[in-house]
Amino acid sequence: MKQAESKTQADFLAPLKVADPELAGLIKDELKRQRHTVELIASENFTSRAVLEAASSILTNKYAEGYPQARYYGGCEVVDQVETLAIDRCKALFGAEHVNVQPHSGSSANQAVYFADLALGDSVLAMKLDHGGHLSHGLKVNFSGRFYHFHSYGLDRETGRLDYDEIERLAKELQPVLIVAGASAYPRQIDFERFAAIAKNVGARLMVDMAHIAGLIGAGLHPDPVAPSDYVTTTTHKTLAGPRSGVIICKGKHATGIDKAIFPGLQGGPLMHIIAAKAACFKLADTPEFRERQKQTIDNAACLARCLQDGGINLVSGGTDNHLMLADLTNIGVTGIEAENRLEDVGITVNKNAVPYDELPPTVTSGIRLGTPAVTTRGFREPEMEQIAEIILAALSPHVTATEIQGLRKKTDKLLAGFPLYPHL
Ligand code: DSN
């Protein structure tokens, strides 16, 4: 009996590969997948070892409902400092008046802004999901579309760009109380000052969801949404390269409402290990190395876009200003899902994506979204982007054979071999 008890205790304290070899094996499989694929999903990145270490720390053990110096649990003296560090670093990085680092995700952050700012059924104007918006920007089956009265703006059919005059016209006609700017699949810079002027004109508040471009904004490479907006929400794992989580930035006058909406409105205990990982991410984002990486991310996207266009691929809006592009594959006779699968076969990960005015359903789509944050973190520069473009163009060619696909997979493997990922693991 004594022996059994001590074995249980030993297993409890053992590393994962001893305590749970089945799960450890799956994590190893995922590491192998990440190492052996070219990651072009625009919303993904490879976080730093520092962030991984903070995220897997013993801070996961601590309950800390409330906010620093105002908790509902004892023993919070250390986690108070952790959360304050994350808040102060985020404020400094983005020039924010108030920051809440407790949202578990970008969607939770958006939910909290709506919960703080809107009454049920209030009218909101946001970007259409199938033109590049997000589920939480008013999709009918999402909480946002169920609880509030969302209207949407889209992209101009000819230019594939936001049409600010049309957004202004809609705002005047619909008189929303909140306007949401920001997107998940828009390849151009967004004019937040213009959005702010439109909102002011109709007496609406402005919320910017900067999840995709937060890293570019932190590096000063995209117009700033923080000064002209009431609220800015973001995830922390995309261009920012932090842990999978969310943040809300707002003007001081909205601070109490936002904090109450997160806790006790929507969440209980904050994830202190993830807040610590966010603190590490904000510190790393405030460095010349991070700013250089954001610049290279944009340069890599521009290079990939140019090569794909030279190879006959149409890009929505004719190119990119940021970290992503949206390829409309209609002219080459390949659907989004076919392209996603074929690229997977050659070791390149992308996601199928609706293009504006897409006639195919969201499970099929006419396009794919490609982004460069993860490959840039991995060390790719223009020469590698040119090679990736060649592989993509060959894989999407209408008459590609199974043997050619195998050959392309070998080319991908060769390219990746020069850029080891997490060699310490
Ligand atoms: N699902 C994210 C993306 O891929 O863009 C948005 O939250």
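Everything quoted here is computed from the prediction, not taken from an experiment. Numbering of ligands and ligand atoms starts at 1, following listing order.
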So does [Y] get a backbone contact from the side chain of [X], meaning a donor-acceptor N/O pair under 3.5 Å?
{"X": "Y357", "Y": "L155", "value": "yes"}
{"X": "H222", "Y": "I190", "value": "yes"}
{"X": "Y186", "Y": "L162", "value": "yes"}
{"X": "T37", "Y": "G347", "value": "no"}

Give the numbers and elements of all ligand 1 atoms closer than 4.0 Å to a heavy atom of [X].
{"X": "S43", "result": "3 (C), 4 (O), 5 (O)"}
{"X": "H212", "result": "3 (C), 5 (O)"}
{"X": "S184", "result": "5 (O), 6 (C)"}

### Query
Applying a strict 4.0 Å limit to heavy atoms, is R369 in contact with ligand 1?
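Contact present.
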
### Task
Identify the protein heavy atom lying closest to atom 2 (C) of ligand 1, giving its residue, its atom name and the separation to 0.1 Å.
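Result for atom 2 (C) of ligand 1: K238 CE, 3.9 Å.
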
### Query
How far is atom 7 (O) of ligand 1 from its nearest protein heavy atom, and which residue and atom is that?
H134 NE2, 3.0 Å

### Query
If we only count heavy atoms from C-beta on, is the I392 to L396 side-chain gap below 4.5 Å?
yes

